[in-house]
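Because the structure is a prediction, the values reported are computed rather than measured.
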Amino acid sequence: MAKFELKLPKMGESVAEATITNWLKNVGEKIEADEAVLEIATDKVDSEVPSEVSGVLVEILFQVDDVVKVGQTIAIIETEGGAVEAPKVVTETTAAPVAEVMKTVEVAQATAAPADFKSSDKFYSPLVKNIASSEGISVTELDSIAGSGKDGRVTKEDILKFVESRKSKVESPKVTVQQPSTINQQPTTPIAVPVSVNGGDEIVEMDRMRKLISGYMVASVQTSAHVQSFIEVDVTNIVKWRDRVKNAFEKREGEKLTFTPIFMEAVAKALKDFPGMNISVDGEFIIKRKNINLGMAAALPNGNLIVPVIKNADQLNLVGMAKAVNDLGNRAKAGKLKPDDTQGGTYTVTNVGTFGSVFGTPIINQPQVGILALGAIRKVPAVIETPEGDFIGIRQKMFLSHSYDHRVVDGALGGSFVKRVADYLEAFDVNREY
C-alpha cells in the first residue's frame, strides 16, 4: 500500500488560493481516478478537484470554509502498489509581510472562528474574517479597507497592512487639530439603512456568488466615474446574412451561429483601433494591455452573473469566435468553468437585449475602463437615403450603450470607440463568406 498526497492544483494565472465548499467523499470511501473528491470556490468560479489516482480516502486535512493555498496537500489517498509521487505544482509567491504580523495570522488561522459579517455588503474570505476577528477589526473598519484584489476584493496582504498601520498609530500617536466640518460632507463608507420586516415577509440569505457580485458592483461604482454614450445601429445586413447562412454554418461547423460572435468581432476590431479603451487603472498609473481579452457577461440559471473571458479575441475569425462564445456560454450554464476562464479580461460586453431591454447602463468590470451593452434588435420604421430621394422603410436596429471610466477616458474617446463599433456593424457585408 502507498499513500498519495492530493494537492490543490494550479487553477490559472493570478489564482493563488481557494475556499473548500464541500467534500464529495468521506474518509474510508473508495475513489476512482479522475473522480471528483471535493468542491472549491475562488473569487469567481466554483469547481471540483478530481483525484489523479484510484484508492481509498484515508485522511482529510482541511474542513469546509478553510482557505487552501495552491500546492498545499488537502487529503491523503491510500493506493495499491508502489509509492506514488504527487505532481509538482508551481505556486505564486508574494512578498513576505512583517514577522510579527505573520505570527498573528497563524494564530488566527488555527484558533479564531469567523466572526459574523452579515451586516456588510462586501464578500470576505474566511481567512480575512479570521484575521479581522483576532485583531478586533470591526465591520465598518473592514469595509473601509481599499482592496487590491480582483474587483477590489480585500486580500490577506491588504488586511495585514491595515493591522500593521493601526499598530503603528497606537505606538506613535500624533496630535491633530480638528478642522471645521464642510457642508454636505459625504461618509467614506456606505450607511446601512434599516429595513422593516412584516409578518408575511421571507428572509433569504444571499448565496456566496451573489455576495461577491454585490461587493464588486458597489466597489466599481465607488471607484470609477461612470459616463455613458448611446448610439443606434442599423444591423439589417447582419440579420439578413445570419438568416441566410445559419443552417449551413451549423451543419458545417457543428456550432449554432448567434449574433454575439458577430458583435464580439466588431468590438475586438474597434479595440485595436482605439487601444486607449484596452487599459486598466492601478492607482495613479495606467496599464496598457497588450492582449485583447473580451469578457462576455453570462446569466446563470440561478439568476447570478458570471463573466468568462475570450482570450486574444482579435486573433479569432468568425468561426473561432463562435466556437469560443458557445463553449464558454455552455460551460457557464453547466457550472463547468475553470478559474482561469474568468481571469485576464481587458474589456467586457454584456447582452441586455437577451431579456428584451432596448439599452442599459452597465457597471464597469474593474479594473477595466469600459463595458458595452448590446440592446435588443427591433424592426423599426426608418428614413432610408437613396440617390432617388429619401423614403420610409422597415429596418432592423439596436442600441449600443457604452459605459466608460471618466477618470481616464474622456467623451471623445468613449464616443469614438462605440461609433467605430457601430460603423463595423453597419458596414457588414451581406455577401460575406464565413
Side-chain angles (χ1 to χ4, degrees), residues 8-22 24 32-52 70 123 150-151 207-213 216 246 249-250 252-265 267-268 291-355 362 365 368 371-374:
L8 183 67
K10 184 170 176 61
M11 297 169 289
E13 183 182 357
S14 78
V15 181
E17 63 185 21
T19 302
I20 295 176
T21 57
N22 183 35
L24 303 175
E32 299 295 335
D34 295 327
E35 186 177 7
V37 180
L38 70 156
E39 295 176 339
I40 59 173
T42 65
D43 282 355
K44 288 292 187 71
V45 175
D46 295 348
S47 58
E48 298 175 341
V49 177
S51 172
E52 299 171 50
V70 169
F123 174 81
K150 179 68 175 176
D151 295 326
D207 60 27
R208 187 190 66 85
M209 182 171 285
R210 178 48 56 183
K211 291 178 182 177
L212 282 169
I213 294 171
Y216 295 153
K246 64 180 181 180
F249 185 94
E250 184 174 1
R252 193 183 85 172
E253 304 297 338
E255 299 283 348
K256 290 187 178 297
L257 179 62
T258 65
F259 290 109
T260 301
I262 302 173
F263 298 143
M264 288 293 199
E265 182 185 53
V267 172
N291 298 328
I292 294 176
N293 300 332
L294 289 182
M296 180 184 73
L300 300 177
N302 62 3
N304 287 328
L305 185 72
I306 198 165
V307 186
V309 177
I310 302 172
K311 307 293 174 61
N312 298 309
D314 58 312
Q315 299 178 19
L316 299 176
N317 60 18
L318 189 58
V319 174
M321 189 74 78
K323 290 180 181 293
V325 167
N326 292 342
D327 172 58
L328 291 173
N330 292 334
R331 286 197 287 124
K333 293 177 182 177
K336 299 296 184 182
L337 288 176
K338 300 177 182 178
D340 195 44
D341 290 328
T342 62
Q343 304 292 324
T346 61
Y347 188 88
T348 298
V349 178
T350 179
N351 191 349
V352 299
T354 301
F355 312 103
N365 188 12
Q368 300 167 24
I371 179 171
L372 185 70
L374 308 173

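In this structure, CZ in F249 is found 9.0 Å from OG1 in T258, a value given to the nearest 0.5 Å. The distance from atom CD of E265 to atom CG of N317, rounded to the nearest 0.5 Å, is 8.0 Å. From N304, atom CG reaches atom CG of L212 across 9.5 Å, with rounding to the nearest 0.5 Å. Atom CD of residue E48 and atom CD of residue E35 lie 10.0 Å apart, to the nearest 0.5 angstrom. Atoms CG and CD1, from L8 and I20 in turn, are 8.0 Å apart once rounded to the nearest 0.5 Å.
Scanning both residues, A332 and I306, for their nearest heavy atoms gives CB-CG2, 4.1 Å. Counting all heavy atoms, side chain and backbone alike, G295 lies closest to M264 at O-CE, 3.9 Å. For the pair E17 and V70, the tightest heavy-atom approach, listed with the atom from each and the gap, is N-CG2, 4.2 Å. A298 and L305 make their closest contact through O-CD1, 3.3 Å (heavy atoms, listed as atom of the first residue, atom of the second, distance). Contact detail for A268 and I292: the closest heavy-atom pair is O-CD1, 3.8 Å. Between A41 and T21, the closest heavy-atom pair is CB-CG2, 3.6 Å.
Judged by distance alone, with hydrogens and angles left aside, the side-chain atoms of D327 form no donor-acceptor pair with the main-chain N or O of A324 at under 3.5 Å. Of the possible polar contacts, one joining the N326 side chain to the K256 backbone as a donor-acceptor pair under 3.5 Å is found. Not a single donor-acceptor pair under 3.5 Å links the side chain of E255 to the backbone N or O of V319. Between the T348 side chain and the I371 main chain, no donor and acceptor come within less than 3.5 Å of each other. Side chain of N291 to backbone of N293: no donor-acceptor contact under 3.5 angstrom is found.
In summary, of the residues considered (L337, D340, L294), a side chain to side chain contact (heavy atoms under 4.5 Å, CB included) with P308 occurs for L337 alone. When each of I262, D314, T260, I310 is checked for a side chain to side chain contact (heavy atoms under 4.5 Å, CB included) with M321, only I310 meets the rule.
Considering only heavy atoms from C-beta on, F263 stays 4.5 Å or farther from V349 through its side chain. Side-chain contact check for L38 versus V49: some heavy-atom pair is nearer than 4.5 Å. The side-chain heavy atoms of E39 and L24, taken from C-beta on, include a pair separated by under 4.5 Å.
In this structure, K338 places its NZ atom where only 12 or fewer heavy-atom neighbours from other residues, nucleotides or ligands lie under 6.0 Å away.
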